[in-house]
Each structure stands twice: as structure tokens, then as C-alpha cells.
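Source: prediction; values computed, not measured. So you know, we letter chains A, B, ... as the sequences are listed, proteins then strands, and number each from 1.
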There are 2 protein chains.
Amino acid sequence: MSHVSTAPDGRRLLLRLESIADLTAEERQAVLDLPLVVRSYDAGSDIVRDHDRPHECCLLLEGYAIRHKLLPDGRRQIMAFHIPGDIPDLESLHLHILDNSVGALTPVRAAFIPHRAIREATQRHPGLLHAFWRQTLIDAAVFREWMIGMGRRTAHERIAHLICEMLLRLEAVGLAPEGTYLFPATQNELGDALGLSTVHVNRVLQDLRKQELITWVRSVVTVLKRDALMDLCAFDPTYLHQDHGTER
Amino acid sequence: MSHVSTAPDGRRLLLRLESIADLTAEERQAVLDLPLVVRSYDAGSDIVRDHDRPHECCLLLEGYAIRHKLLPDGRRQIMAFHIPGDIPDLESLHLHILDNSVGALTPVRAAFIPHRAIREATQRHPGLLHAFWRQTLIDAAVFREWMIGMGRRTAHERIAHLICEMLLRLEAVGLAPEGTYLFPATQNELGDALGLSTVHVNRVLQDLRKQELITWVRSVVTVLKRDALMDLCAFDPTYLHQDHGTER
DNA sequence: CGCAATATTGACCATCATCAATTGGCGTGG
DNA sequence: CCACGCCAATTGATGATGGTCAATATTGCG
């Protein structure tokens, strides 16, 4: 069921890029002119797969996606949770073989943009290039932060850190009013993302609830004590590079 | 003791970029024309620090460097081992605040290239831009692979995987003849890179030696049974993206 | 109402961390 | 040349974090 995108879909990417870099009027127009083909996916299905050689990038419009990889024996590592506005396979623009899969965590609507169109737009508009490149660098910074978590943080710290990260990322796109947001991941998926077992995720979550730091009911997370939660995991938001305006 | 670079230093970057992307004659010349300022560092010293706002990038000429980050309580995560030809802070080109430090693992000679010079060269030469961007994407792919290790691989697999990775990366620049290469990391540093304690690294290493898979004497690693070692950790080199020529 | 997926609990256990010595290699000053 | 000192490697003993297995609730949903 692919079809050409309607107006609001086209703005999703623009909003994201403007949160990353300042764009000129022509650059904004060039983003809106990018050709989009929209497709829908069921929860649990793969959008692109490890070792694919895609010729387009996938812009998440609605729903959440995961970047993940399976080991030959079935162990799984989830490497990122992607939210609307993300482009989980942006690197395919310059890395021709994918080294991970992207799957739909929930039902997903995604817009596909041909590599060629992005290349042409970025060649004509250096500001766009800057924004796209910067996005891939921010993704990499998040990977590094997750490495710290899995290598050196306790289970409590890891889970708290992820909750803080999702809070800030979703707030940045207006999807976390009053410290509440949707996080449709099962405890099993959380474990695969954090390097923990499902059982242990469950116990830590109960503990965070008992401490009244958070509430997590059926995919709805509420951060009750923001400062205490951030203290618990020594959260430093620098790595999200959310303040492109002031950080120079 | 900084000084302007001599001829062979200038070629180091060219070699790396040519291993990443095909360059035209003008692009090659543009790389050689980049202004370099060379500085030397003692082992253990920091080259750039977390939260710095650098205006230049650091090209490793000689020696090994680590990308690392300290938690407030002293725990450390090493996020990458960098070898000659690497640019450990390339992302500073578009991310203005560093979110990790880069330290000299051994005595290091490094060449600094002003951001402005790189920006001008990449604006004039799209092929160069492609190569630099691609390099940052390959770095990110390595981060993802390390995440898999720390999240889902056993200590044996993690160590074996790192040994394989360094082997392939160093072979690519001619620094690992006959399966032998220099890896001047202490067991403590290996632990901080892999999310393990020093003691446990020691024990696993002894075990790999007992199995006659490797030899590791005073920073000199020799891979004795390459296939067996790769089997042990299900090593798949795709993520290193070393074959830019054939992979299209 | 009943299946299927998730969450939760309990019991037990393994990997790996921690702590504390001890050993070995190697550079330095006498 | 040798003793000292330092750093890294190694070993042993003990323990904790978090994994595994299996059973039992819950909840969503058709």
C-alpha cells in the first residue's frame, strides 16, 4: 500500500532538520520538494534487513521502530529506539550494505526517499548536507552513550538512563507533555536493548516504581521525580546535542 | 612542540581516504594541500577532552589513541581504539561540543587540521565530502558492533571479537603482517573497553592462549588460528565496510 | 469467554566483580 | 652490575549482580 505523501508528512522531515540546523528558505523548500513514498508496516515486521542494499532512506512518520541485529544463535541486540522524524537507515546513503535491521515496534507509517533525491538536494544545498550529516553524528553519539551504559552502568542506572533519554528526545518533538510519553516496548525488548534479561528488567522496573521515580503502565511512562531519576544515573544530556543554536 | 608537517605525514590521510572512497586527481591534491600542524603527546595524556569545543580535527599519524569517557564516580568506558590514519574527533566538524575525550594510549604524533580547511575542501570536492562522511558512518557501525558485544556476547566472545576487529583494521593499513600486530593496551584498558574487570580479562586471555588461538606477549598479538578465533565469536566483517569498491 | 502475549514471582545458579596478595618485567640511580 | 621501585600481569578466595528455568498471574483482544 504505498502512496505519495500528503502535506503534513512532508513537514515531518523539515521539522526534524530545523531542530538540528538552521535552514534558509530555499533549503526548507528543497526539503518539502523531496519525493516521498509512504508505506505502512505491522508491528513486529521488518522495514529493512541486515545486509540489504537499499536505494532509499526511511523516514519514520508515525509509530516507533527499532534498529536491531540478530546473532546467529538467536541472541538479539537492539541498538536504538527510533521515534517519528528519525531516519533509522540514513547511513545507507554512504554505506551500501546495511549492517543491521530496522523493525516496526508498533504499527508504523514510513516515508521512503530515494538516495538520489537526497544526494541532489544536499549537493545543491550545503545547509541540508550539514543537517543530514549532523543527524548521523548525533545517532553515533547516542550509540556511544549506550556503550557506556552496557559496559559500565548497573541495571538500575541503565534503565533510568534510557527513560531519561527517551524523555528528552520525545520532549524535543512535543511528544512528552508533563513528563509523560508513550514507550511501546515490552520488557523483553528493553532487555535486548540494555543487555539485560526480561526478568531482571521487570524487577528493576518494580523497584523504580516503588521508589516513586516513575510510573509505567501499558506503554505509558511518566517521570514523577525528574531530578532524582537523572541523579540516579548521572544523566548528562550533552550527548544528545539538542541545542544547536547556543552550543557554538 | 608543534610544527608544520613533512611530506609523508600528508600522505597518511590520503591513504586512508582512498581506502574509503575513490578520489579524483584534484581531490587527491586537495587532501595533500590541507594544512597540518603536528603535535606530540606522551602516553596517557589527553589529546582532546570531553566538553571541549575544538576548531580543528586530529589526524593520528603515529601511535594508538583511545576514545573514552569517565563517569562522575571514576568508572571509565573506552569507546574505540584508534590507529594511525584515524580521525578520532572527526565528528567535531558538525557537533560543536565533544561528548568524549581522546587520549594517547602510546606516545602519539598527531596532525591537526582546522575545521575551516576541511569545510572548504569538502565544499569544493564532493568526493572528499563523501569520504569523510563515510568515515564517520563506519565509526558509528563499529560502535554498534561493540554494543552487541557488551550487551549480548560473553567475555570470551567479546575479547575474541576485538582481536579479530583489530586484526582486520590493521591489515587494511598494512600493520598486521602474518597475523601479528601491535596492540599496546593493558588488560585494564581492555576491560574498560569491553565492560569487564581486569582480572576477568586476564583469565579469558589465558584461556585463549591455552587453546592456542592467539599469542599476546607485551603488546604483540599474534592470531594463530584465524578461522577458529572468528568462529568462536561469529565474526562477520561486514560492519567494517572495508570493501568500498565491490560492495555496490 | 478464551487464547496469546506480557508481566510477575520464586528458586537456584553462573558469570563475572571485588579484594588482596604475589610475581615478573624493566628502567633508573648508585 | 645490582637494588629499588613501579607498573602490569597473575593468582586465589569470596561474593554479588544479574541470568536461567519454570510456574503463575494479568491484560489485551477477537
Chemist: A:Thr186 side chain: which of D:dA22, C:dT6, C:dC16 is closest?
Modeler: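 Between D:dA22, C:dT6, C:dC16, the one nearest the side chain of A:Thr186 would be C:dT6.
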Chemist: Given C:dC16, C:dT8, D:dT11, identify the nucleotide with an atom nearest to the side chain of B:Asn202.
Modeler: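 Out of C:dC16, C:dT8, D:dT11, the nucleotide with an atom closest to B:Asn202's side chain is D:dT11.
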Chemist: Around B:His51, counting heavy atoms of other residues, nucleotides and ligands shown, do more than 12 lie under 6.0 Å from its NE2?
Modeler: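 It does: B:His51 NE2 has more than 12 such atoms within range.
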Chemist: Decide whether A:Asp50 and A:His68 meet the rule of one side-chain donor and one side-chain acceptor closer than 3.5 Å.
Modeler: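 Result is no, nothing qualifies.
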Chemist: From the list C:dT8, C:dT18, C:dC16, which nucleotide is the closest neighbour of the side chain of B:Val199?
Modeler: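 So the side chain of B:Val199 is nearest to C:dT18.
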Chemist: Just the rounded figure in Å: distance from P of D:dA8 to CH2 of B:Trp216.
Modeler: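 Rounded to the whole Å, the gap is 14 Å.
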Chemist: In whole Å, what is the span from the CD atom of B:Glu157 to the C1' atom of C:dT15?
Modeler: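 Checked: the CD to C1' distance equals 13 Å.
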Chemist: Pick the closest DNA chain D nucleotide for B:Gln187 and for A:Ser197 by heavy atoms, then say which residue is nearer the 5' end.
Modeler: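 Nearer the 5' end of the strand: B:Gln187.
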Chemist: Across the strands shown, which category fits B:Arg209 at heavy-atom distances under 4.0 angstrom: base, sugar-phosphate, nothing?
Modeler: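 Result for B:Arg209 = sugar-phosphate.
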Chemist: Among C:dT8, D:dG18, D:dT20, find the nucleotide with the atom closest to the side chain of A:Arg158.
Modeler: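 The listed nucleotide nearest to A:Arg158's side chain is D:dG18.
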Chemist: Look at all strands and tell whether B:Thr154 reaches a base, only sugar-phosphate, or nothing, counting heavy atoms closer than 4.0 Å.
Modeler: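 Sugar-phosphate contact only - B:Thr154 comes under 4.0 Å of backbone atoms but never of a base.
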Chemist: To the nearest Å, how far apart are B:His200 NE2 and D:dG12 P?
Modeler: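 Computing the B:His200:NE2 to D:dG12:P distance gives 16 Å.
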Chemist: Within this structure, what is the CG-to-C1' distance between B:Leu190 and D:dT10, rounded to whole angstrom?
Modeler: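 Computing the B:Leu190:CG to D:dT10:C1' distance gives 15 Å.
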Chemist: Here's a test of your reading of the structure: between A:Arg152 and A:Asn188, which maps to the more 5' nucleotide of DNA chain C?
Modeler: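 Its nearest nucleotide lies further toward 5', so the answer is A:Asn188.
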Chemist: If we ignore angles and hydrogens, is there a donor and acceptor under 3.5 Å between the side chains of A:Asn188 and A:Thr186?
Modeler: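 No, no side-chain donor-acceptor contact under 3.5 Å.
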Chemist: Does a distance-only test, which skips hydrogens and angles, find a donor-acceptor pair under 3.5 Å between the side chain of B:Arg203 and the base of D:dG12?
Modeler: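 Such a pair exists between side chain and base.
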Chemist: Can you tell me the distance, in whole Å, between the CG atom of B:Leu196 and the P atom of C:dA17?
Modeler: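 Spelled out: CG on B:Leu196 to P on C:dA17 is 5 Å.
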Chemist: Is there a side-chain contact between B:Gln206 and the phosphate of D:dT11, meaning an N or O under 4.0 Å from OP1 or OP2?
Modeler: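 Yes, because at least one side-chain N or O of B:Gln206 sits under 4.0 Å from OP1 or OP2 of D:dT11.
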Chemist: How close do A:Glu165 and A:Val142 get, counting heavy atoms only, and between which atoms?
Modeler: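 In this case the closest contact between A:Glu165 and A:Val142 is OE2-CG1, 3.4 Å.
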Chemist: Relative to the 5' end of DNA chain D, which residue comes earlier, A:Val201 or B:Ala185, by the nucleotide with the nearest heavy atom?
Modeler: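 Mapping each residue to its closest nucleotide by heavy atoms, the 5'-most match is B:Ala185.
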Chemist: Can you give me every donor-acceptor pair (side chain of residues 209-219 of chain A, partner residue at least two apart or in another chain, under 3.5 Å) with its distance?
Modeler:
| unit_1 | atom_1 | unit_2 | atom_2 | d |
| --- | --- | --- | --- | --- |
| A:Arg209 | NH1 | A:Trp216 | O | 3.0 |
| A:Gln211 | NE2 | A:Asp207 | OD2 | 3.2 |

Chemist: Can you measure A:Lys210 atom NZ to C:dT8 atom P for me and round it to whole angstrom units?
Modeler: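 It is 12 Å, rounded to the nearest whole Å.
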Chemist: Figure out the CE/C1' separation between A:Met150 and C:dT15, and round it to whole Å.
Modeler: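 The answer, rounded to whole Å, is 18 Å.
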Chemist: For B:Asp207 and C:dT15, give me the distance from atom CG to atom C1', rounded to whole Å.
Modeler: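 Distance check: B:Asp207 CG to C:dT15 C1' gives 14 Å.
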Chemist: Would you indicate what A:Gly44 reaches in the nucleic acid, counting non-hydrogen atoms under 4.0 angstrom: base, sugar-phosphate, or nothing?
Modeler: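 Nothing, no nucleic acid heavy atom in range.
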Chemist: Does any donor-acceptor pair link the side chain of B:Arg218 with the base of C:dG24 at a separation under 3.5 Å?
Modeler: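 Check fails, no donor-acceptor contact within cut-off.
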Chemist: Under 6.0 Å between the ring centres of A:Tyr64 and A:His82?
Modeler: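 So the answer is no for these two rings.
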